[in-house]
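The structure appears below as structure tokens.
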Amino acid sequence: MNVLVVNCGSSSLKFQLINSETEAVAAKGLCERIGIDGRLVYQPAGGEKEVTEAAMPTHTEAIKMVLDALVNPSTGVLKSLDEVEAIGHRVLHGGAKISDSCIINDEVISVIEECCDLGPLHNPANLMGIRACMDLMPGKPNVAVFDTAFHQTMPEKAYMYAIPYEYYDKYKVRKYGFHGTSHRFVSKETIKFLGLDPENSKVIVAHLGNGSSISAVVNGKCVDTSMGLTPLEGLVMGTRSGDLDPAVLDFVCKKENIDVTEMVNILNKKSGLLGLSKGLSSDFRDLSEAADNGNADAQRAIDCLCYRIIKYIGSYAAAMNGVDAIAFTGGIGENASLVRETVVNGLSYLGVTLDEEANKTRGENKVISTPDSKVTVAIVPTNEELAICQETAALVQK
Ligand code: ADP
């Protein structure tokens with residue numbers, strides 16, 4: 001089945017056309033600067049990247065340009081749009097009402113709308129993408145794959161914040177977790193790849209990219225995850241602070257004479273690796289290179305990143321009362337051997353030992369612990385687009 005996978009951000013739209021049986025990507029690309037001026041980058045499989053500048057006032061025009069590119073007589077990969085059999089949308093927030101991917105109908109649209117205040121940047125953009133596809137390809141099934149859904153199996157003790165209960169009652173303030181599509185995909189792959197018992201397994205997935213999160217998965221079900229009400233909680237990320245004492249907000253706001261909204265923006269956009277490195281970079285590769293050349297600011301950022309991962313893995317091993325496997329994924333998890341080495345060496349009390357040669361691997365399924373390690377550690381690349389394609393096809397074919 002040909003599935004068009006669509007991932008809408010506030011001013012961008014990423015897409016891939018994937019065949020769910022062969023897993024082949026026929027074409028991919030992105031629209032940028034939607035609502036500003038507009039730029040489409042389109043690349044057919046095996047072909048050159050094409051860049052087209054054109055006005056894209058809304059996501060509807062952006063999707064229209066993507067569809068036109070897909071059927072373009074010279075560089076398109078489809079004869080007609082009839083060949084697109086379903087559309088899979090990445091949707092950020094499904095709140096507490098949605099615990100799985102679903103075929104989009106009026107009810108699902110209202111839930112995505114209701115969750116706009118929980119995902120103010122993404123949910124409105126996701127809705128625009130959904131509506132644009134419905135308008136331009138009427139009658140085709142659209143599926144929503146939620147970032148929060150996989151984490152809905154967390155028990156109350158893991159998702160509740162210890163604040164007055166009325167905030168949960170009135171506003172559903174709780175931990176939701178994100179990157180769920182990746183955590184679901186990678187935990188499943190890890191169980192399969194390592195031959196673990198799906199009904200008797202404890203897996204920790206460390207998804208480390210620009211945004212990073214970690215999850216504890218028992219028998220294929222998420223029992224805890226590091227991101228919270230929003231993606232700000234948890235690990236040290238590219239530009240997000242992750243965990244901190246909430247009193248820091250009041251303290252800094254008073255000192256700097258700024259309001260909470262501005263401070264939260266700073267915690268999202270100017271903190272994490274970028275903040276710790278005194279503004280040097282939010283990108284791990286830049287920091288790694290700078291640290292190799294003796295830059296202490298870059299080294300500080302990397303040390304804090306690794307330390308927080310070690311602490312979370314330790315706490316999730318404790319939360320699950322044991323761990324069988326740890327999987328590294330995401331741009332940093334799949335590629336940065338230094339981070340994996342530092343983290344694994346910090347877990348020797350769990351009986352984990354690193355196979356240094358295997359740890360040189362990048363971007364493919366690979367066990368990186370020694371055969372006698374008490375916990376198996378592996379690189380398991382994520383593929384969120386493929387996961388969305390598979391979930392879409394499975395629902396549509398039901
Ligand atoms: P996003 O969260 O935007 O999807 P990615 O999963 O692509 O992010 O991860 C981006 C991060 O991965 C960046 O910090 C980048 O420096 C890092 N990264 C990508 N490739 C490598 C590499 N070869 N070695 C080390 N780090 C890498």
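Numbering of residues begins at 1 and proceeds along the displayed sequence. When a ligand or atom number is given, it counts from 1 through the structure's own listing order.
- By the 6.0 Å contact criterion, CD on Glu83 is enclosed, its count of non-hydrogen atoms from other residues, nucleotides or ligands being greater than 12.
- Among protein heavy atoms, atom 18 (N) of ligand 1 sits closest to Gly331 O, 3.6 Å.
- At least one heavy atom of Arg362 sits under 4.0 Å from some atom of ligand 1.
- Polar contact with ligand 1: present for Phe284 (N/O pair, distance under 3.5 Å).
- Separation of atoms OG1 (Thr190) and NE2 (His183) is listed at 11.0 Å; rounding is to 0.5 Å.
- Heavy-atom proximity to Gly211, at under 4.0 Å, picks out these atoms of ligand 1: 2 (O).
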Tell me, with the steps shown, if Arg184 and Asp100 meet side chain to side chain contact (heavy atoms under 4.5 Å, CB included). CA-CA 11 Å; Arg184 189 196 304 268; Asp100 226 330; 3.6 Å; yes

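- Residue Gly209 has no N or O atom closer than 3.5 Å to an N or O atom of ligand 1.
- Of all protein heavy atoms, the one closest to atom 1 (P) of ligand 1 is Asn210 N, 3.7 Å.
- Electrostatic pairing of Asp297 and Arg300 counts as a salt bridge here, judged by a charged N lying under 4.0 Å from a carboxylate O.
- Enclosure of atom NZ in Lys14 is not indicated, since only 12 or fewer non-hydrogen atoms of other residues, nucleotides or ligands lie within 6.0 angstrom.
- Contact annotation for atom 26 (N) of ligand 1: protein present (non-hydrogen atoms, distance under 4.0 Å).
- Polar contact check, Asp283 against ligand 1: a nitrogen or oxygen pair lies under 3.5 Å apart.
- The cationic group of Arg174 lies under 6.0 Å from the six-membered ring centre of Tyr176 and within 45° of the ring axis, placing it in a cation-pi geometry.
- Look at Glu114 and Lys97 and you find a salt bridge, because one of the NZ, NE, NH1 or NH2 atoms lies within 4.0 Å of a carboxylate O, short of that distance.
- The cationic atom of Lys172 (NZ for Lys, CZ for Arg) lies less than 6.0 Å from the six-membered ring centre of Tyr168 and within 45° of the ring axis.
- Checking only distances, Ser282 never comes within under 3.5 Å of ligand 1, N or O to N or O.
- At the top of the distance list for atom 17 (C) of ligand 1, counting protein heavy atoms only, stands Ile332 CG1, 3.7 Å.
- Scanning all protein heavy atoms for the shortest distance to atom 24 (N) of ligand 1 gives Asn335 CB, 3.5 Å.
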